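Working notes for the structure below.
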There are 2 protein chains.
Amino acid sequence: MISQTEENYLKAIFKLSEKTDGSVSTNAIANEMKTAAASVTDMVKRLAKNKFINYQRYKGVTLSEKGDAIARKLIRKHRLWEVFLYDKLNFTWDEVHDMAEQLEHIQSDELVNRMDKYLNFPKFDPHGDPIPDKDGKFASRKQIPMSEYPLGQVGIIVGVREHSKPFLQYLEQLNLVLGTKFCVLESFEYDGSLKIKIGNTKVETITQKVANNLFVIEE
Amino acid sequence: MISQTEENYLKAIFKLSEKTDGSVSTNAIANEMKTAAASVTDMVKRLAKNKFINYQRYKGVTLSEKGDAIARKLIRKHRLWEVFLYDKLNFTWDEVHDMAEQLEHIQSDELVNRMDKYLNFPKFDPHGDPIPDKDGKFASRKQIPMSEYPLGQVGIIVGVREHSKPFLQYLEQLNLVLGTKFCVLESFEYDGSLKIKIGNTKVETITQKVANNLFVIEE
DNA sequence: ATAAATTTTTAGATTAATCTAAAAATTTAT
DNA sequence: ATAAATTTTTAGATTAATCTAAAAATTTAT
């Protein structure tokens, strides 16, 4: 049986692999996991012995097929639980992460699949991140940052790039939640800020940073 | 932060305290937890140091107020999760225990309370066991074993004394689930077995052992 | 009431997960 | 291409949770 700590390492390695294709350094893992590099070296040896990852001294690690499947399942569980907490228990999108972080370690395939069905097989979580299906496949969609969205055309907010609490709480407060329709009224060359219409009435100005961290699609 | 293992010890001590009022021996705990007695002695020292229990060498342990509250909260969480799995995800009553055993360790007061509300503040779990409220209080009801229920009178099955999978599966198969109405038609002095009507049509004979492990109330 | 039986604790080890400090290997800069 | 800087690993410790075997304390039986 794999431990929760081991699972968290696999998840971290998966996350880092996405950005930096090729192998992941022990230091990068240490940074992601907030542990000492020496601890990572130890753990990485154990994970390699159990065939969850491929590891060569001084060369970093890559996930094995087995490790990759586990990481994807963890993400699937995490995001499905987030949908549950958001849709059924009415938590806000900035509250669900910490609980899902615990719930993702619950071991029961049947539970995950029933939850999936109970929630109507959602494809995206409350932050707009794709939920892997039973086989670990992620749905994709042609989303772009709001900062690149054409002026005067209605679009829908479908995701966030940044997941920090302050950012999510800021969005909530402005009503820039998932599913919200918007229209970019004006773009200020000077600082990249945007004047946007939110829903049918509200008009707000947001900074380029915010616009960059919001993913949108056409209406 | 208390570990899952520590929580499991507190739960075991709580369970044993219920039966044998007075202090609980380390051996009894070892037996309940399926660990070596020496391991229990070590753990019990740690729990005492953290004020979860009262412990004197060779004299057994009792829960402190703090430990008692944690144990009750664990039972509350366990049973609420069982209701969720049973009511919302349609698991059977013999399937829910193992998952609830994991879910009871999820740390979030808000989650438990929202779940409680979501499930409509249930007072009993799918096995008929009472669910402690926010303050740790158990509901009670004047239930008796079916073996003591008067002949010819309709009653309702509300709980089980034994929780083993084989027993629960046997009951399921006979349709002796919670909420089922029954009537004892005949009682055989010889071996204590009962002929009962289940629902409106089915008639079955059950052994004294079965009748003893079913809790019932008047219709 | 004391010896025998039983229970409980202590002593000494082990494994998972972590750390700091030092050593070794690799990468970068001149 | 070699020295300096950086990254990674090794060595040696620590804590939680577990174990077996032996010692100590308590309980039971005569």
Side-chain angles (χ1 to χ4, degrees), chain A residues 1-13 16-17 19-63 66-67 70-71 74 101-102 104-105 107, chain B residues 1-13 16-17 19-63 66-67 70-71 74 101-102 104-105 107:
Chain A
M1 192 73 287
I2 190 170
S3 73
Q4 293 198 186
T5 311
E6 287 173 316
E7 287 193 333
N8 285 334
Y9 272 88
L10 294 179
K11 210 167 45 121
I13 296 166
L16 294 167
S17 300
K19 298 182 181 170
T20 71
D21 46 37
S23 72
V24 175
S25 74
T26 48
N27 248 352
I29 300 170
N31 182 56
E32 176 72 24
M33 304 276 301
K34 272 110 183 59
T35 55
S39 311
V40 175
T41 302
D42 281 352
M43 176 54 92
V44 132
K45 282 182 191 165
R46 189 144 18 106
L47 289 171
K49 201 171 64 184
N50 292 312
K51 299 279 165 59
F52 293 121
I53 60 173
N54 311 110
Y55 166 61
Q56 281 177 278
R57 277 160 75 252
Y58 293 99
K59 302 279 171 171
V61 306
T62 57
L63 287 175
K66 197 175 151 197
I70 291 172
L74 284 166
E101 206 69 15
Q102 299 179 61
E104 71 189 5
H105 297 291
Q107 302 285 3
Chain B
M1 191 71 294
I2 189 170
S3 74
Q4 294 199 186
T5 312
E6 288 173 315
E7 287 193 332
N8 285 333
Y9 272 89
L10 294 180
K11 209 167 45 123
I13 296 166
L16 295 167
S17 300
K19 299 181 182 173
T20 70
D21 46 39
S23 72
V24 175
S25 74
T26 48
N27 248 351
I29 300 170
N31 182 56
E32 175 72 24
M33 302 277 300
K34 271 108 183 58
T35 55
S39 311
V40 176
T41 301
D42 282 353
M43 177 54 93
V44 132
K45 282 182 191 163
R46 190 143 18 106
L47 290 170
K49 202 172 63 185
N50 292 311
K51 301 277 165 62
F52 294 119
I53 60 173
N54 311 110
Y55 165 62
Q56 282 176 277
R57 274 159 78 255
Y58 293 100
K59 303 278 172 173
V61 306
T62 57
L63 288 175
K66 195 175 152 196
I70 291 172
L74 284 166
E101 206 68 13
Q102 298 179 62
E104 71 190 5
H105 297 292
Q107 302 284 5

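Only a predicted model underlies this, so the values are computations on that prediction, with no experimental measurement involved.
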Checking A:Gln107 against A:Glu7: is there a side-chain donor and acceptor pair closer than 3.5 Å? yes

Please give me the minimum heavy-atom distance between [X] and [Y], naming the atom from each residue.
X       : Y       : answer
A:Glu6  : A:Met1  : OE1-O, 4.4 Å
B:Tyr55 : B:Ala48 : CB-CB, 3.8 Å
B:Met43 : B:Thr5  : CE-CG2, 3.8 Å
A:Leu63 : A:Asn54 : O-OD1, 3.7 Å

When you measure from the side chain of [X], which nucleotide among [options] comes out closest?
X       : options               : result
B:Asn27 : D:dT18, C:dT8, D:dT8  : C:dT8
A:Thr41 : D:dT9, D:dT7, D:dT18  : D:dT9
A:Thr26 : C:dT18, D:dT18, D:dT9 : D:dT9
B:Tyr9  : C:dT26, D:dT18, C:dT9 : D:dT18

Could you state the [atom1]-[atom2] distance from [X] to [N], rounded to the nearest angstrom?
X       : N      : atom1 : atom2 : result
B:Arg57 : D:dT27 : CZ    : C1'   : 17 Å
A:Leu47 : C:dA16 : CG    : C1'   : 12 Å
A:Asn50 : C:dA16 : CG    : C1'   : 12 Å
B:Tyr58 : C:dT8  : OH    : C1'   : 5 Å
B:Lys45 : C:dT10 : NZ    : C1'   : 7 Å
A:Glu6  : C:dT18 : CD    : C1'   : 14 Å
B:Asp42 : C:dG12 : CG    : P     : 14 Å
B:Gln56 : C:dT8  : CD    : C1'   : 14 Å

Would you mind classifying the nucleic acid contact of B:Lys59 as base, sugar-phosphate or nothing, using non-hydrogen atoms under 4.0 angstrom? nothing

When you measure from every atom of DNA chain D, which of residues 29-40 of chain B have a heavy atom less than 4.0 Å away? B:Thr35, B:Ala36, B:Ala38, B:Ser39

Just wondering, more than 12 heavy atoms not from B:Lys51 lying within 6.0 Å of its NZ? no

For B:Lys66 and B:Asn50, indicate whether the former's side chain and the latter's backbone hold a donor-acceptor pair under 3.5 Å. yes

Carboxylate-amine/guanidinium proximity below 4.0 Å for B:Lys11 and B:Glu32: no

Apply side chain to side chain contact (heavy atoms under 4.5 Å, CB included) to residues B:Leu10 and B:Ile53 and explain how you reach the verdict. CA-CA 8 Å; B:Leu10 294 180; B:Ile53 60 173; 3.9 Å; yes

Could you summarise the pairing of DNA chain C as dot-bracket text, marking Watson-Crick and G-U pairs under 3.5 Å with ( ) or [ ] inside the strand and | across strands? ||||||||||||||||||||||||||||||

